[in-house]
Amino acid sequence: MNCLFKSKRTLSAALCGLAFLTGCSDVNLDANENVIVEELSSSSHKQNTGSSGQIEAESSSELNEAESSSSEKSKIESSTDSIPETIGTSSSSEISLQDYSSSSNDVVSSSSWELVAEKLYDMEVRSYQYEFGGLDFLQLRIVNNEEFILDSVELRLYAKAKPEEIKVVAGVDDKIGSCPLLVDADICQAYDENGFNQPCLGKNGEYADASMRGAMREVVPLPLTNSYDPVTGESVWVITVPLASAVINSKSSMRLDVGFSYGIYANDWCETFRQPAKKRFLIPNEKDWSWMPHSADVDGIDYVGMPQEDKDYGDVADVPINPFIAVYRNGVRIWGNPPKL
């Protein structure tokens, strides 16, 4: 485990061999889709905090899409003012880490604006949490009421955490890094307007499972500026859930179950150990934006908070709409409410 595995296939095979540690299941790593992952956009260069690597506030709290290099040893660089036209289609855009580690003193800033659709889409996201195999899971029901197909979509969840609970650490000197919290797709089913379901598919009818799982394991959580609390040592972090090649047809919906787990980081990739993530989502939850209760007086809309149910509760009962999960398409917010810091 002291050297980086030379390929994702080798990495997955090696981890599956560690059955006594991982309980690893087969993963299809044949998909070649790479995704543009979340990177904080900045109107200025990175600055040095001169302290312990905590995030300083600048002005806003949102993220913009940005391309980044494919080398694990290059820094996360801040973007300027451009938004990529597509998400999930570029074969050369991957996140990379070097100083994105527990010892980094870099200040990562967001810009003072974000792109928002002129009219938010006619859609909704419903969610609840459940526990399975000792891991935290979310079931997400994404409903498309528009007259067109939704593609190039990603969901953004927002949660408070300390760096050691969520921040990906790149390996040093050819050693394996760590992923304190990674997102992994577990179930994805597409439902048509008549309620018939099938596996999630791409535009050309291809199965989308492999591209989604690959995209989720390549993206890393990133902190929002203006969110660091010196009392608790926590920041608000963005947990991105890319749908990659999967589409949601008009008047249709998607069931997506995602799990949060702990794993290792190598070759621009998080591989799960199927162990609980360092960041746990407890119910009731009073601090994580996408989980906690909200009131209209403070946040513009009432929300009772993320319910905790049995795994398949959503198949037999209505699940509440969660307006505090944001949905982006091609880097433009089309639904939901991110934190206002």
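- Note on ring orientation: taking the six-membered ring where Trp is involved, the planes of Phe324 and Tyr303 are tilted (angle from 30° to 60°).
- Of the possible donor and acceptor atoms, one in the side chain of Asp192 sits under 3.5 Å from a partner among the backbone N and O of Gly195.
- The number of heavy atoms from other shown groups lying within 6.0 Å of CG (Asp312) is above 12.
- Taking SG from Cys188 and CG from Asp257, the interatomic distance works out to 9.0 Å, rounded to the nearest 0.5 Å.
- Using modelled atom types, no side-chain atom of Asp136 and backbone atom of Phe260 make a donor-acceptor pair closer than 3.5 Å.
- Hydrophobic clustering, with ILVMFWY side chains joined whenever heavy atoms are under 4.5 angstrom apart, keeps Ile325 apart from Val304.
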task: Evaluate side chain to side chain contact (heavy atoms under 4.5 Å, CB included) for Val241 paired with Leu157, printing each intermediate quantity in order.
output: CA-CA 8 Å; Val241 181; Leu157 312 172; 4.1 Å; yes
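- Within the 4.5 Å cutoff, the side chain of Pro221 has no heavy atoms near those of the Val238 side chain.
- Ring pair Tyr121/Phe148: centre-to-centre distance below 6.0 Å.
- Under the 4.5 Å side-chain contact rule for hydrophobic residues, Ile321 and Tyr328 share a cluster.
- Taking NZ of Lys340 as the reference point, atom CG of Asn226 lies at 12.5 Å (rounded to 0.5 Å).
- Of the possible donor and acceptor atoms, one in the side chain of Arg333 sits under 3.5 Å from a partner among the backbone N and O of Gly336.
- One N or O on the side chain of Ser227 and one on the backbone of Val236 form a donor-acceptor pair closer than 3.5 Å.
- Salt-bridge formation is detected for the pair Asp151/Arg329: a Lys NZ or Arg NE/NH1/NH2 atom is positioned less than 4.0 Å from an Asp or Glu carboxylate oxygen.
- A donor-acceptor pair is defined here as one N or O able to donate and one able to accept, closer than 3.5 Å; such a pair exists between the side chain of Tyr128 and the backbone of Tyr313.
- Side-chain atoms of Ser250 come within 3.5 Å of backbone atoms of Glu146 as a donor-acceptor pair (strictly under, hydrogens ignored).
- Hydrophobic clustering of Ile, Leu, Val, Met, Phe, Trp and Tyr side chains at less than 4.5 Å, counting indirect connections, keeps Leu138 apart from Val319.
- Note on Val125 and Ile334: same hydrophobic cluster, where clusters join Ile, Leu, Val, Met, Phe, Trp and Tyr whose side-chain heavy atoms are under 4.5 Å apart, directly or indirectly.
- Open room surrounds CG on Asp318; 12 or fewer heavy atoms of other groups in view lie less than 6.0 Å from it.
- Between the side chain of Asp288 and the main chain of Trp291, no donor-acceptor pair closer than 3.5 Å is present.
- Annotation for Lys311: atom NZ counts as buried by contact number, over 12 foreign heavy atoms lying within 6.0 Å.
- Remark: Lys279 qualifies as a cation-pi partner of Phe281 under the 6.0 Å distance and 45° angle criteria applied to the six-membered ring.
- Put simply, the side chain of Glu206 gets close to the backbone of Asn204: a donor and an acceptor are under 3.5 Å apart.
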task: Start with the C-alpha distance between Leu201 and Tyr207, add both sets of side-chain angles, then the distance that settles side chain to side chain contact (heavy atoms under 4.5 Å, CB included), and finish with yes or no.
output: CA-CA 5 Å; Leu201 304 174; Tyr207 289 112; 3.6 Å; yes
message: side chain to side chain contact (heavy atoms under 4.5 Å, CB included), that's the test. Do Gln275 and Ser261 meet it? Break it down for me.
response: CA-CA 6 Å; Gln275 296 177 357; Ser261 61; over 6 Å; no
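- In the displayed structure, Phe196 atom CZ is contacted under 6.0 Å by at most 12 heavy atoms of other residues, nucleotides or ligands.
- Under the 4.0 Å criterion applied to side-chain N and carboxylate O atoms, Asp315 and Arg255 are assigned as salt-bridge partners.
- With hydrogens and angles ignored, the 3.5 Å screen pairs a side-chain donor or acceptor of Ser290 with a backbone N or O of Tyr158.
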message: Run the salt bridge (charged side-chain N to carboxylate O under 4.0 Å, His left out) test on Arg274 and Asp184 for me, step by step, so that the C-alpha distance in whole Å, both residues' side-chain angles and the decisive distance to 0.1 Å come before the verdict.
response: CA-CA 10 Å; Arg274 296 291 182 190; Asp184 198 11; 3.3 Å; yes
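- Hydrophobic clustering places Met123 together with Leu243 (ILVMFWY residues linked when any side-chain heavy atoms are closer than 4.5 Å, directly or through intermediates).
- Distance alone, capped at 3.5 Å, places no donor-acceptor pair between the Arg217 side chain and the Glu271 backbone.
- With a 6.0 Å radius and a threshold of 12 heavy atoms from other residues, nucleotides or ligands, Lys251 has its NZ atom above the threshold.
- Just one of Lys287, Lys167, Lys162 meets the salt bridge (charged side-chain N to carboxylate O under 4.0 Å, His left out) condition when paired with Glu234; it is Lys287.
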